[in-house]
J.: 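Take a look at the following structure, please.
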Amino acid sequence: MVWAPLGPPRTDCLTLLHIPSKDCLKMSLEWLVAWSWSLDGLRDCIATGIQSVRDCDTTAVITVACLLVLFVWYCYHVGREQPRPYVSVNSLMQAADANGLQNGYVYCQSPECVRCTHNEGLNQKLYHNLQEYAKRYSWSGMGRIHKGIREQGRYLNSRPSIQKPEVFFLPDLPTTPYFSRDAQKHDVEVLERNFQTILCEFETLYKAFSNCSLPQGWKMNSTPSGEWFTFYLVNQGVCVPRNCRKCPRTYRLLGSLRTCIGNNVFGNACISVLSPGTVITEHYGPTNIRIRCHLGLKTPNGCELVVGGEPQCWAEGRCLLFDDSFLHAAFHEGSAEDGPRVVFMVDLWHPNVAAAERQALDFIFAPGR
């Protein structure tokens with residue numbers, strides 16, 4: 001049905017440009033009145049609509065109604081579920097502060113912790129988390145993660161002794177003990193540009209060692225000889241607020257890194273100190289989805305990192321990238337006069353882990369999940 005004006009035809013817009021303002025206003029009002037709908041016309045419109053519905057095929061109407069009901073049900077079902085919000089490294093501080101972390105270190109006390117559950121139930125828990133993620137988002141791009149979880153036991157048990165992550169192995173990732181700086185070029189350059197900033201904040205922290213054996217915020221790790229201290233800003237994906245307040249510029253720097261792992265249990269950022277005579281025995285990291293980055297702050301002679309049987313030395317102001325799922329060890333065989341070996345350690349994503357996989361892994365291995 002076509003509606004037609006009840007009054008005179010519409011005046012052309014170009015003609016209105018040449019008409020005085022008073023006449024133009026009058027003509028506009030007449031135009032609006034002419035196009036207003038009459039009650040009769042509205043009644044005819046409703047009648048025509050009802051007739052159109054009557055003429056429509058009944059099966060088509062039922063089909064459309066069913067689809068509409070299903071769509072409403074789906075929206076209601078999804079809306080009831082509250083997905084875990086993803087937070088950046090910069091927003092972890094407030095959440096962790098509320099958890100009451102003590103002495104700047106997260107001590108795992110839960111038997112449900114994914115990272116610490118080394119039994120048959122781990123694979124079921126991981127698969128349940130993956131299903132929950134896919135249900136809320138998508139299965140697209142999850143093939144490699146699904147394959148890894150489904151055959152995790154075989155992967156971990158049959159891996160060669162040179163590379164054997166303790167918790168999760170993502171298949172089909174390129175494997176190499178060390179990575180070039182170009183693997184995560186942006187973050188490497190950011191860290192190296194801010195070498196002096198990180199070093200200054202470390203030196204301020206380290207002065208506290210002259211007053212007591214273990215200042216607040218530091219953790220002493222178990223070693224067969226020597227002393228190994230760590231000062232965590234982010235530990236297992238959880239920010240340590242008290243420590244971050246002591247290193248504000250270093251903490252803010254984490255937010256400028258594009259590939260920093262800050263939302264799952266495999267992400268850490270800390271200052272690591274080895275005293276002379278310290279040996280960190282050979283061990284494996286928990287996963288191969290990350291690259292561990294060491295920025296040298298103080299690197300005296302006699303210090304060495306061995307990954308997959310290949311030795312490397314740190315250099316001050318330079319980043320060293322390696323895959324800690326390989327068997328690795330560290331030594332400081334220098335003298336007491338040489339002082340400690342100090343690096344700033346941060347975990348970055350493996351460059352071959354896709355963006356969709358990163359989001360899913362953040363969900364599956366979220367702290368406390």
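This one's a predicted model, so the numbers in the text were calculated from it and none came from an experiment.
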J.: Does Thr175 offer a backbone N or O that forms a donor-acceptor pair with the side chain of Gln163 under 3.5 Å?
T.: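 The answer is no, because no donor-acceptor pair under 3.5 Å joins these two groups.
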J.: For Tyr133 versus Ala356, what's the shortest heavy-atom pair and its separation?
T.: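 Looks like OH-O, 4.1 Å.
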J.: Name all residues meeting the side-chain contact (heavy atoms from CB on, under 4.5 Å) criterion together with Glu192; count only those two or more places apart in sequence or in a different chain, and write none if there are none.
T.: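 Here the qualifying residues are Arg181, Val188, Leu295, Arg318, Cys319.
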J.: Which heavy-atom pair separates His186 from Ser256 by the least distance, and what is that distance?
T.: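 Closest approach of His186 to Ser256, heavy atoms only: CE1-O, 3.4 Å.
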J.: Could you check whether any side-chain heavy atom of Thr287 comes within less than 4.5 Å of a side-chain heavy atom of Val167, counting everything from C-beta outward?
T.: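 Of all side-chain heavy-atom pairs linking Val167 with Thr287, none is under 4.5 Å.
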J.: Over all heavy atoms of both residues, which pair between Gln236 and Asn268 is shortest? Give the atoms and the distance, please.
T.: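 Heavy atoms only, the tightest pair is N-OD1, 2.9 Å.
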J.: Work out which heavy atom in Gly334 is nearest to a heavy atom in Pro276; give both atom names and the distance.
T.: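 Smallest heavy-atom distance, with atoms named: O-CB, 3.5 Å.
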J.: In Å, rounded to the nearest 0.5 Å, how long is the span from CG of Leu254 to CZ of Arg249?
T.: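 Rounded to the nearest 0.5 Å, the CG-CZ separation comes out at 14.0 Å.
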J.: Grab the two heavy atoms, one from Gly296 and one from Phe195, that are nearest each other, plus how far apart they are.
T.: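 So the two residues come closest at O-CE1, 3.3 Å.
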J.: Starting at CG of Leu173, measure out to CG of Asn288 and round the result to the nearest 0.5 Å.
T.: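 It comes to 5.0 Å.
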J.: Please step through side chain to side chain contact (heavy atoms under 4.5 Å, CB included) for the pair Tyr232 and Val238, ending with a clear verdict.
T.: CA-CA 10 Å; Tyr232 279 90; Val238 180; over 6 Å; no
J.: Measure the SG-CD1 distance between Cys247 and Ile271 for me, rounded to the nearest 0.5 Å.
T.: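 Between atom SG of Cys247 and atom CD1 of Ile271 there are 4.5 Å.
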J.: Parallel under 30°, tilted from 30 to 60°, perpendicular over 60°: which one fits the rings of Trp218 and Phe231?
T.: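 The rings of Trp218 and Phe231 sit tilted, inter-plane angle from 30° to 60°.
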J.: Any pair with a residue in residues 301-317 that passes salt bridge (Lys or Arg N to Asp or Glu O under 4.0 Å), sequence neighbours left out, goes on the list, sorted by first then second residue, please.
T.: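 Checked against salt bridge (Lys or Arg N to Asp or Glu O under 4.0 Å) - neighbours excluded - no pair reaches residues 301-317.
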J.: Between Trp314 and Ala330, what is the shortest heavy-atom contact and its length?
T.: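 Minimum heavy-atom contact is CH2-CB, 4.1 Å.
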J.: Report the distance from atom CZ of Phe229 to atom CG of Asn221, rounding to the nearest 0.5 Å.
T.: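 So the CZ of Phe229 and the CG of Asn221 are separated by 9.0 Å.
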J.: Any side-chain heavy atom of Val190 within less than 4.5 Å of one from Arg258?
T.: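 No, every pair of side-chain atoms sits at 4.5 Å or beyond.
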J.: Take Ile364 and Phe168 through the side chain to side chain contact (heavy atoms under 4.5 Å, CB included) test and state the conclusion after the steps.
T.: CA-CA 11 Å; Ile364 295 169; Phe168 179 71; over 6 Å; no
J.: Using atom types as modelled and distance alone, determine if a side-chain donor or acceptor of Thr204 lies under 3.5 Å from a backbone N or O of Cys200.
T.: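 Present.
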J.: Test Phe322 against every option in Leu305, Ile291, Thr176 by the side-chain contact (heavy atoms from CB on, under 4.5 Å) rule and name the one that passes.
T.: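 Of the listed residues Leu305, Ile291, Thr176, the side-chain contact (heavy atoms from CB on, under 4.5 Å) partner of Phe322 is Leu305.
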J.: Can you name the residues that form a salt bridge (charged side-chain N to carboxylate O under 4.0 Å, His left out) with Lys164, not counting sequence neighbours?
T.: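 With neighbours one apart ignored, the set is empty.
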J.: Looking at residues at least two apart in the chain, or sitting in another chain, which of them share a salt bridge (charged side-chain N to carboxylate O under 4.0 Å, His left out) with Asp347?
T.: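 Expected list: Arg290, Arg292.
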J.: When clusters are formed by joining ILVMFWY residues with side-chain heavy atoms under 4.5 Å apart, either directly or through shared neighbours, do Met220 and Ile280 land in the same one?
T.: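 Met220 and Ile280: separate clusters.
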J.: Would Phe344 and Val342 show up in the same hydrophobic cluster when neighbours are defined by side-chain heavy atoms closer than 4.5 Å?
T.: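 Linked, Phe344 and Val342 end up in one cluster.
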J.: Quiz question: by atom type and distance under 3.5 Å, do the side chains of Asp323 and Ser325 form a donor-acceptor pair?
T.: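 Yes, side-chain donor-acceptor contact under 3.5 Å.
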J.: Ignoring hydrogens and geometry, is there a side-chain-to-backbone donor-acceptor pair from Ser275 to Glu227 under 3.5 Å?
T.: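 Yes.
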J.: Are side-chain heavy atoms of Asp187 and Cys293 found at a separation under 4.5 Å?
T.: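 They are not in side-chain contact.
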J.: Find out if a path of hydrophobic residues (ILVMFWY) with successive side-chain heavy-atom gaps under 4.5 Å connects Val273 to Ile198.
T.: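 Yes; tracing contacts between hydrophobic side chains, which count when under 4.5 Å, links both residues.
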J.: Is any side-chain heavy atom of Phe202 closer than 4.5 Å to a side-chain heavy atom of Thr250?
T.: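 They are not in contact (no side-chain heavy atoms under 4.5 Å apart), so the answer is no.
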J.: Do Tyr206 and Leu233 sit in one hydrophobic cluster, given that two such residues count as connected whenever their side-chain heavy atoms are within less than 4.5 Å of each other, even indirectly?
T.: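 Yes, Tyr206 connects to Leu233 through the hydrophobic network.
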J.: Is there side-chain contact between Pro351 and Gln184, with heavy atoms separated by less than 4.5 Å?
T.: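 Contact flag for Pro351/Gln184 side chains = yes.
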J.: With a 4.5 Å heavy-atom cut-off, do His146 and Tyr127 have their side chains touching?
T.: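 Of all side-chain heavy-atom pairs linking Tyr127 with His146, at least one is under 4.5 Å.
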J.: Does Gln312 reach the side chain of Val307, with side-chain heavy atoms less than 4.5 Å apart?
T.: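 In short, these two side chains do not touch, never coming nearer than 4.5 Å.
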J.: Hey, mind stepping through Leu327 and Ser161 against side chain to side chain contact (heavy atoms under 4.5 Å, CB included) and telling me if it holds?
T.: CA-CA 8 Å; Leu327 190 66; Ser161 58; over 6 Å; no
J.: Could you state the interatomic distance from CZ (Arg150) to NZ (Lys147), rounded to the nearest 0.5 Å?
T.: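 Reported to 0.5 Å precision, the distance equals 8.0 Å.
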J.: What distance do Tyr284 atom OH and Ile162 atom CD1 have between them, rounded to the nearest 0.5 Å?
T.: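 If we round to the nearest 0.5 Å, Tyr284:OH and Ile162:CD1 are 8.5 Å apart.
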J.: I'd like to know whether Leu191 forms a side chain to side chain contact (heavy atoms under 4.5 Å, CB included) with Leu253, so could you lay out the CA-CA distance, the side-chain angles of the two residues, the decisive distance to 0.1 Å, and finally the verdict.
T.: CA-CA 8 Å; Leu191 289 168; Leu253 181 64; 4.0 Å; yes
J.: Taking the side chain as C-beta and beyond, is there a heavy-atom pair between Val346 and Cys260 under 4.5 Å?
T.: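 Contact flag for Val346/Cys260 side chains = yes.
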J.: Looking at Val353, Leu170, Ile289, which hits side-chain contact (heavy atoms from CB on, under 4.5 Å) with Ile145?
T.: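 The residue from Val353, Leu170, Ile289 that satisfies side-chain contact (heavy atoms from CB on, under 4.5 Å) with Ile145 turns out to be Leu170.
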J.: If the plane angle is over 60° it's perpendicular, under 30° parallel, otherwise tilted; pick one for Phe266 and Phe365.
T.: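 Aromatic pair Phe266/Phe365 classed tilted.
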J.: With the 4.5 Å side-chain cut-off for hydrophobic clustering, are Val240 and Met345 part of the same group?
T.: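 No, because Val240 and Met345 fall into different hydrophobic clusters, even though each may have its own neighbours under 4.5 Å.
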J.: I'd like to check the side-chain contact (heavy atoms from CB on, under 4.5 Å) partners of Pro174; sequence neighbours left out, ordered by chain and number.
T.: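 Pro174: side-chain contact (heavy atoms from CB on, under 4.5 Å) contacts with His350, Asn352.
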J.: Would you call the rings of His283 and His328 parallel, tilted or perpendicular, taking 30° and 60° as the class edges?
T.: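 Rings of His283 and His328: tilted, 30 to 60°.
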J.: So Arg136 and Glu132, salt bridge (Lys or Arg N to Asp or Glu O under 4.0 Å) or not? Walk me through it.
T.: CA-CA 6 Å; Arg136 295 179 178 182; Glu132 185 178 353; 2.8 Å; yes
J.: How would you list, by chain and number, every residue that makes a side-chain contact (heavy atoms from CB on, under 4.5 Å) with Pro300, sequence neighbours excluded?
T.: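 Counting only residues at least two positions away or on another chain, Pro300 forms a side-chain contact (heavy atoms from CB on, under 4.5 Å) with Cys303, His332, Asp338, Arg341.
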